[in-house]
Protein chains: 2
Amino acid sequence: MSTEQKQKFAAYIASQGLKATRQRELILEAFLAQAEHPSTEELYLGLRKEHPGIGYATVHRTLKLLAECGIATVRNFGDGAQRFEACAGEHHDHLVCTGCGLIIEFENLQIEKLQEQVAKSHDFTVQDHRLELYGLCSNCRKGE
Amino acid sequence: MSTEQKQKFAAYIASQGLKATRQRELILEAFLAQAEHPSTEELYLGLRKEHPGIGYATVHRTLKLLAECGIATVRNFGDGAQRFEACAGEHHDHLVCTGCGLIIEFENLQIEKLQEQVAKSHDFTVQDHRLELYGLCSNCRKGE
DNA sequence: TCCGAGATTGAAAACCGTTTTCATTTATAA
DNA sequence: TTATAAATGAAAACGGTTTTCAATCTCGGA
């Protein structure tokens with residue numbers, strides 16, 4: 001669980017000549033505790049309740065650090081804000097409801113394989129990918 | 001070719017009670033002439049050369065109109081700016097080279113079908129999707 | 001343990017792309 | 001042609017991100 005991520009972060013901090021601070025620890029913990037895809041602001045507001053002193057800039061800087069060291073990835077679901085997501089071991093993609101904003105994660109190995117084939121046919125080496133399906137969940141479909 | 005798109009735009013304009021203006025025509029033409037995925041700013045700067053009077057806001061507003069009526073789609077490749085792309089009849093996805101920025105379009109019906117299946121299994125109705133593969137093209141792979 | 005170089009912090013300002021405002025101009029229907 | 005309502009361009013506002021800067025903190029070395 002999170003112990004592993006904390007070690008990873010600590011290792012990255014050390015390897016880059018950075019410093020371990022209370023804020024960074026707090027932010028990492030809050031980030032890992034959150035099952036969502038928080039934006040900087042959401043995480044900042046959450047942290048603020050317990051730790052009023054913490055600054056928005058520090059939260060954002062730390063989230064970028066997490067992205068650099070592979071603990072988080074940056075997502076953009078078109079709402080104008082970057083969202084940060086914990087990197088699970090497995091890659092996964094997203095179903096996004098355009099009605100209520102619900103985000104469902106999924107993974108599909110067949111799709112991944114086809115992606116590799118496509119890349120190969122264009123002589124590309126894939127480093128990463130992003131797949132999002134936008135639509136309506138069953139609830140929103142009823143409502144409209 | 002573009003005549004079709006112009007008619008589509010004209011029809012949309014009429015259906016919404018909007019007005020056909022010289023600027024809108026110019027912007028549509030410039031957009032269609034461009035084979036790239038321009039941002040508002042890029043298109044604006046291009047247009048400015050021939051038509052110095054034109055305003056940034058008008059370009060952006062018109063691009064949004066084009067997106068509304070299905071002539072353009074909004075893309076976000078992570079560089080912080082919205083990019084607009086002409087909708088070909090067929091949907092297609094992108095291979096993006098993280099080395100040189102090269103963007104290659106592709107389409108793959110098998111992937112599309114699998115996407116539909118995934119959505120159905122979560123009781124979603126897909127309206128749109130976005131698939132991007134990030135990696136290195138053959139040139140950049142050699143260089144590094 | 002204490003010190004000092006250098007990294008980090010928080011607040012505020014700067015930044016940058018997007019969106020809105022508003023007075024003026026323009027397209028369209030009567 | 002005229003009235004009405006939409007569109008335009010310039011500038012300001014906006015919102016999220018990034019930078020600045022003085023004060024604070026970390027951590028290795030004395």
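So you know, we letter chains A, B, ... as the sequences are listed, proteins then strands, and number each from 1.
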Report all interatomic pairs (protein N or O, nucleotide N or O of nucleotides 20-24 of chain D) with separations under 3.5 Å.
| unit_1 | atom_1 | unit_2 | atom_2 | d |
| --- | --- | --- | --- | --- |
| dT20(D) | O4 | Arg61(A) | NH1 | 3.3 |

Separation of atom CG in Asn76(B) from atom C1' in dG16(D), rounded to whole Å: 13 Å
Separation between NE2 of His92(A) and CD1 of Ile104(A), rounded to the nearest 0.5 Å: 12.0 Å
Residue-phosphate contact under 4.0 Å: His60(A) side-chain N/O, dT18(D) OP1/OP2: yes
Gap between atoms NE2 and C1', on His51(B) and dA7(D) respectively (whole Å): 18 Å
SB check Arg83(A) Glu36(A) (cutoff 4.0 Å): no
Between dG10(C) (C1') and Tyr56(A) (OH): distance, integer Å: 14 Å
Interface residues of residues 37-49 of chain B with DNA chain D (non-hydrogen, below 4.0 angstrom): none
Side-chain donor/acceptor of Arg24(B) to backbone N/O of Ala10(B), under 3.5 Å: no
Glu85(A) versus His37(A), side-chain donor and acceptor atoms under 3.5 Å: yes
Separation of dA7(D) P from Leu26(B) CG (nearest whole Å): 16 Å
Glu25(A)/Lys6(A) salt bridge by N-O under 4.0 Å criterion: no
Write out a two-atom table: protein N or O, nucleotide N or O from nucleotides 27-29 of chain C, distance below 3.5 Å.
| unit_1 | atom_1 | unit_2 | atom_2 | d |
| --- | --- | --- | --- | --- |
| dA27(C) | O3' | Ala20(B) | O | 3.4 |
| dA27(C) | N3 | Lys19(B) | NZ | 3.2 |
| dT28(C) | OP1 | Ala20(B) | N | 3.2 |

Residue Arg24(A), side-chain heavy atoms: nucleotide from dT8(C), dT18(C), dG9(D) that is nearest: dT8(C)
Atom of Phe9(B), atom of Cys69(B) and distance for their closest heavy-atom approach: CD1-SG, 4.0 Å
Distance, rounded to the nearest Å, where Glu25(A) contributes CD and dC27(D) contributes P: 11 Å
Gln127(B) CD: over 12 foreign heavy atoms closer than 6.0 Å: yes
Between P of dT8(D) and CG of Leu63(B), the distance in whole Å: 12 Å
Distance in angstrom units between Ile27(B) CD1 and dG9(D) P, rounded: 7 Å
Same cluster (ILVMFWY, side-chain, under 4.5 Å), Tyr12(B) and Val74(B): yes
Atom pair distance, as rounded to whole Å: CD in Gln16(A) and P in dC27(D): 15 Å
Check: Gln82(B) main-chain N/O paired with Ser39(B) side-chain donor or acceptor under 3.5 Å: no
Linked, directly or transitively: Val118(A) and Val96(B) (ILVMFWY side chains, under 4.5 Å): no
Side-chain heavy-atom pair Asn108(A), Asp93(A) within 4.5 angstrom cut-off: no
